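Down below is the structure, laid out as structure tokens.
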Amino acid sequence: MQETRYKNTINLPRTNFAMKANLPVKEKEILKFWDELGLYSRIQEKNAGGEWYLLHDGPPYANGDIHMGTALNKTLKDFVVKYKSMRGYRCPFVPGWDCHGLPIEHRLLRELHKTKHDVEVLDFRRKAKEFALKWLGVQREQFKRLGVLGEWDKPYVTMDPAYEAKEIEGFARLYADGYIYRGLKPVHWCIVCETALAEAELEYHDKESPSIYVRFKADERVNRLFGVENASIVIWTTTPWTLPANLAVAVHPDFQYSAVRVNHGQDAHATSLVLASETLPRLKDELGWEDYEVVATVNGAQLEGMNCDHPLADRKSRVILADFVTLDQGTGCVHTAPGHGQEDYEIAGKYNLEIYSPVDERGRFTPEVRDFAGKQVFEANDLIVQHLRSRGLLLEATKVTHSYPHCWRCKSPVIFRATRQWFINVNHNNLRRRTLELVKQVRWVPAFTEKRFLATVEGRPDWCLSRQRLWGVPIPVFYCTNCHSPFLTPEAADHLVALVRKHGVDIWFEKDVKELVPPGAKCTGCGGGEFEKETAILDVWFDSGTSHQGVLTQRNDQKYPAELYLEGSDQHRGWFQSSMLTAVALTNSPPFREVITTGWTLDEQREKESKSKGNITNPLEIVQKYGADVLRLWVSSVDYSSDMVVGMPIFEQMADAYRKIRNTLRFLLGNLYDFDEEKDAVAREEMPEVDRWALSRAQWLLDEVTRALEDFEFYRAYRRIHTFCTVDLSSFYLDILKDRLYTAGPSSRERRSSQTVFARTLRLLDLMLAPILSFTAEEVWANIRRKNDPQSVHLASWPELDDSARDRDLDERYERLNRVRSEVAKVIERERAQGTIGNSLEAKLVLYCADEELLDFLSSFGRNLQMLFIVSSVEVVNLGQKEPPAEAKATEIEGLFIGIGEAPGRKCSRCWKYSETVGESVHHPEMCGDCVKVLVTYFGEEA
RNA sequence: GGGCUUAUAGCUCAGUUGGCAGAGCAUUCGGCUGAUAACCGAAAGGUCGGUGGUUCGACUCCACCUAAGCCCA
């Protein structure tokens, strides 16, 4: 009967902050709130006078939905931007999109069932633009849904006229400064479609090819080196048709090479065959040698610069050194045709070999090729083999089935064929060396990525800028129709840039060349006045790689250089490098001060996500099911510097972690319903010790979280916050405080003190969580906002560290207490297992101390020990030299024995503690003395 | 095949200059029913990817191997 009356004197938590977050719905309301508030603009206004901290967005490709990688990337950027914004930095975030290029071109051609030859260029480009715009719009909404703040209404787009104009201007400056040249380079070429093919346009299928061993007669110097007569160098190839273009034979400088004399068969005694010594055991079987002898062995390096006779033509083939030579296949002597192979091409530069490719666009040998002119290369294979055999140069001819690139469209095998392409010379003006120097001025996170970036710059070939495609920015070069020399004077460039800025780059395709060159332009070579346009377009990496010019130097809300670039590890060869090279060439400075590299998302077997495996985790699905804050929490929880595992169980776990944090916030909030910090706050000096401890812990937390965010190590911040919520708050501080909050007088100093701690801790937590749990933090903010606070938590300032609240001694004191608490819990648990007690308040503890220091330590907590252990009675006993009583349990703590028994007295029906004072009050016979006092003081009851 | 990187409990992460493998979550069992689709406790869970070496002693240093990832070939 008294139950309900007493119940009314208990101060239970009250809040509208729901336990069940319902984020998928709630977040959309918050997005609307931000939109109506103009949150992004307000943040920019707030920080307009602040120091710059510019994060430059690497543009995702505008096709398809966002995926885990792009979601992770933008979320990490959002953490940085929100945190820096709270610290008062001026850090506008301008998202970008990469719009040109092959993937879109492919998709469209496939949809149209056409090839690049039979579409009308302008019409096709219009369609491509629409396609890119459509996906740009889709991705924009998806990124916004993640809670990413930015200049979404004015992103940078690589197909904007102003952007294209700056890109062309950049090309023209590089051209004028001599970085750009036109040269021959082998590319994948389809002889049916008559076009170059990009890597993405290839399909690999098994193909049967000839496998032949051919000997090249070596010169006298080789004979002398081995001390033999008639030495021949043996090569192996599966493309006999490339032999007419052979210019060299490559050997490895570190391998051993032997001259071998075979004593039987057609070659008996006729010649000494040179091949890598280690290949001999394998080759003697393949070539059927039974009786042979090794005549001499030399180092590969010694062969450099010697010559052989070309097996089909009247010229020499040089012996060169190359590290790419391997021993697992062939002879260790590699047939080299710079016009028909990637490695061959690369090594050709070093030895000044011609990029010789006597094959036309239909795959037929050109007239200069003796005996085979006009023959299609695959058909010529047999002919060439016969020829070699008749000249006695063929050692072996079989067939081999191997994986071989085919045209994705017509399914026919492709060839490597050298064509004229535009390049950036990475060694011009010491570009490579200057880049390597400037790389050192950049802070690379994690540190090892600097080494990696350096290696890619050191090893990279010249940058091939041209693509024979439709959807991109044209290479802005004209050719004189008379002397065919390229034409791009600074005046012509300025003229063109102005046109593009005004009309967009489509003007290149729309207008006649006469309207694109300045009036009266004359060829610098022959003085001719007639020109034609280059038809190739620029590599899309040149588009995005010049964003530091097209964006950073152009917009009022940007500046050069950026403080930070943050992308996946594939960008070491991609955007980081294209940006760095162009920036060094154009401005002699890095476009970024710091570069953060992230790993990739993998499935739960740590394997790459792929459509065919069906192991893809879709971020949009996570957002729909759990909410963006759960996705964001996951992003914060992982060490992004290495690869990250994703999968539904992981998000399930993140949802649990989210709920824990949310419930902690909710509990703090629920106990503040009758608290006004201005009127009710208790000064720290007047607080109970444990409250001061809690304030101290909160400051340590702030310190560590701040440092973690300064270092962009969000997972450290996440772990600290989560552990604080679970260990410091939920299982200790909040648990022991329940009694005080609920049963003390509503406006008593003890209760006000704990509420003061709650209010400060909640505010601190909310601000710290704002960059990560952006939505939930906003929801909390709406509940705790004071009169002078901004409308959004994202407009608030990062909390200042209050060093005076930190108390190392208190921290250690309670750490020690908690070790005792843990022992107490074990004792109680043992008792529980025997069924003697249920609720810990039913217990009375006796702490026997055999150690005086421990005795003093525990005694110093006085009556508070009951509260700290959540039991009804604690007695601290000096054991001295005596043995502990039989019922006392030994503990992990030296000198501490714990006895447990039933608490004396009866259970107070109000505070549930057992007390001998229950029954003393006439009016409240079921209540303890403490509760009676509260009722008398705060609720006007009689004693 | 080459360069770089990763590997500690089911999951996310700690582990200082070598010195008895840790935390949180999840799991199991239990308590509470005044944070209740919550809260508290206890227990169980590891040959530190593998092999070899240096050392009195190795998760830590060295070599090799395996698996995976990015980039290149």
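Just so we're clear, the structure is a prediction, and the values are computed from it rather than from any experiment. Because only heavy atoms are used, hydrogens play no part in the values below, and waters and symmetry mates are left out as well, while side chains stay in.
The partner of B/A67, taking Watson-Crick or G-U wobble pairs whose two distances both stay under 3.5 Å, is B/U6. Checking B/G1 for Watson-Crick or G-U wobble geometry (two distances, each under 3.5 Å) identifies B/C72 as its partner. If you check B/G45 for Watson-Crick or wobble pairing at under 3.5 angstrom, you find it has no partner at all. Base pairing analysis places B/G24 opposite B/C11; the two distances defining the Watson-Crick or G-U wobble pair are each below 3.5 Å. For B/G19, the paired nucleotide is B/C56, the pair qualifying as Watson-Crick or G-U wobble because both relevant distances are below 3.5 Å. Across all strands shown, B/U33 remains unpaired; no Watson-Crick or G-U wobble contact has both distances below 3.5 Å.
Between atom CE of residue A/M867 and atom CG of residue A/L737 there is a gap of 7.5 Å, rounded to the nearest 0.5 Å.
Looking at heavy-atom distances under 4.0 Å, A/E604 makes no contact with the nucleic acid at all. Note on A/T597: nothing from the nucleic acid sits closer than 4.0 angstrom, heavy atoms only. Within 4.0 Å (heavy atoms only), A/R720 reaches no atom of the nucleic acid at all. Counting non-hydrogen atoms under 4.0 angstrom, A/K451 reaches the backbone sugars and phosphates but no base.
A/L841 has its CG atom 13 Å from the C1' atom of B/U33, to the nearest Å. Rounded to whole Å, atom P of B/A35 lies 13 Å from atom CG of A/L668. Between the CG atom of A/L734 and the P atom of B/U36 there is a distance of 13 Å, rounded to whole Å. B/U33 atom P lies 10 Å from atom NZ of A/K7, rounded to whole Å. One interatomic measurement links the two molecules: CZ of A/F255 to C1' of B/G1, which rounds to 10 Å at whole-angstrom precision. Rounded to whole angstrom, the span from the CE atom of A/M654 across to the C1' atom of B/C13 amounts to 11 Å. Rounded to whole angstrom, the span from the CG atom of A/D728 across to the C1' atom of B/C39 amounts to 17 Å. The NZ atom of A/K826 sits 18 Å away from the P atom of B/C40 (whole-angstrom rounding).
Qualifying salt bridge (Lys or Arg N to Asp or Glu O under 4.0 Å) partners for A/E652, counting only residues two or more places apart in sequence or in other chains: none. The salt bridge (Lys or Arg N to Asp or Glu O under 4.0 Å) search around A/R443 returns A/E594, not counting sequence neighbours. Listed by chain and residue number, A/W693, A/F861 satisfy the ring-ring contact (aromatic ring centres under 6.0 Å, His included) test with A/Y814 (two or more places apart in sequence, or in another chain). With sequence neighbours left out, the ring-ring contact (aromatic ring centres under 6.0 Å, His included) criterion links A/F576 to A/H572. Not counting sequence neighbours, the partners of A/Y718 by the ring-ring contact (aromatic ring centres under 6.0 Å, His included) test are A/H722. Remark: A/F758 engages no residue in a ring-ring contact (aromatic ring centres under 6.0 Å, His included) (not counting sequence neighbours). Applying the salt bridge (Lys or Arg N to Asp or Glu O under 4.0 Å) rule to A/E902 yields no partners; only residues at least two apart in sequence or on another chain are considered.
Closest to the side chain of A/V645, out of B/G69, B/A42, B/U12, is B/U12. Distances were taken from every side-chain heavy atom of A/N663 (C-beta onward) to each of B/A35, B/U5, B/G34; the shortest belongs to B/A35. In this structure, the nucleotide among B/A73, B/A14, B/A42 sitting nearest to the side chain of A/Q342 is B/A73. The A/D735 side chain lies nearest to B/C40 when the options are B/C40, B/G34, B/C13.
Contacts with RNA chain B (heavy atom under 4.0 Å) in residues 629-641 of chain A: A/S637, A/V638, A/D639, listed by number. Non-hydrogen atoms lying under 4.0 Å from RNA chain B are contributed by A/S569, A/D570, A/R573, all within residues 569-576 of chain A.
Between A/D711 and A/R716, at least one side-chain nitrogen of the basic residue sits less than 4.0 Å from a carboxylate oxygen of the acidic one, meeting the salt-bridge criterion. A salt bridge links A/D656 and A/R659; the closest N-O separation between the charged side-chain nitrogens and carboxylate oxygens is under 4.0 Å. A salt bridge between A/D629 and A/R662 is absent, with no side-chain N of the basic residue lying under 4.0 Å from a carboxylate O of the acidic one. Salt-bridge annotation for A/E829 and A/K826: absent, with no side-chain N of the basic residue lying under 4.0 Å from a carboxylate O of the acidic one. Using a 4.0 Å cut-off between charged side-chain N and carboxylate O, A/R707 and A/E704 make no salt bridge. Using a 4.0 Å cut-off between a side-chain N of Lys or Arg and a carboxylate O of Asp or Glu, A/D735 and A/K738 qualify as a salt bridge.
Within the structure, the ring pair (Phe, Tyr, Trp, His ring centres under 6.0 Å) test picks out the following pairs touching residues 630-655 of chain A (sequence neighbours left out): A/W634-A/F651.
Applying the 4.0 Å criterion to OP1 and OP2 of B/G34, one finds that A/Y6 has every side-chain N and O outside that range. Contact annotation: A/T743 does not reach the phosphate of B/G34 (side-chain N/O to OP1 or OP2, under 4.0 Å). Phosphate proximity of B/U5 to A/T449: absent, as no side-chain N or O sits under 4.0 Å from OP1 or OP2.
Aromatic stacking of A/W912 on B/G34: satisfied, with centres closer than 5.5 Å and planes within an angle under 30 degrees.
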Give me, pair by pair, the N or O atoms of the protein and of nucleotides 64-68 of chain B that are less than 3.5 Å apart, along with how far apart they are.
| unit_1 | atom_1 | unit_2 | atom_2 | d |
| --- | --- | --- | --- | --- |
| B/A68 | O2' | A/R606 | O | 2.4 |

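Annotation: side chain of A/T601 is not in contact with side chain of A/T617 (no heavy-atom distance under 4.5 Å).
Here the separation of B/U8 from B/U51, taken at their P atoms, is 16 Å to the nearest Å. B/G41 and B/A23 are spaced 13 Å apart, taking the P atom of each and rounding to whole Å. Between B/G69 and B/U27, the two P atoms lie 30 Å apart (nearest whole Å).
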*Starting at the 5' end of nucleotides 24-31 of chain B, put B wherever the base has a protein heavy atom under 4.0 Å, S where only the sugar-phosphate does, and a dash everywhere else.*
BBS----S
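Between A/F255 and A/H252, the ring planes lie parallel to each other; the angle is under 30°, not in the 30° to 60° tilted range.
Under 3.5 Å, the side chain of A/S642 and the base of B/A7 form no donor-acceptor pair of N or O atoms.
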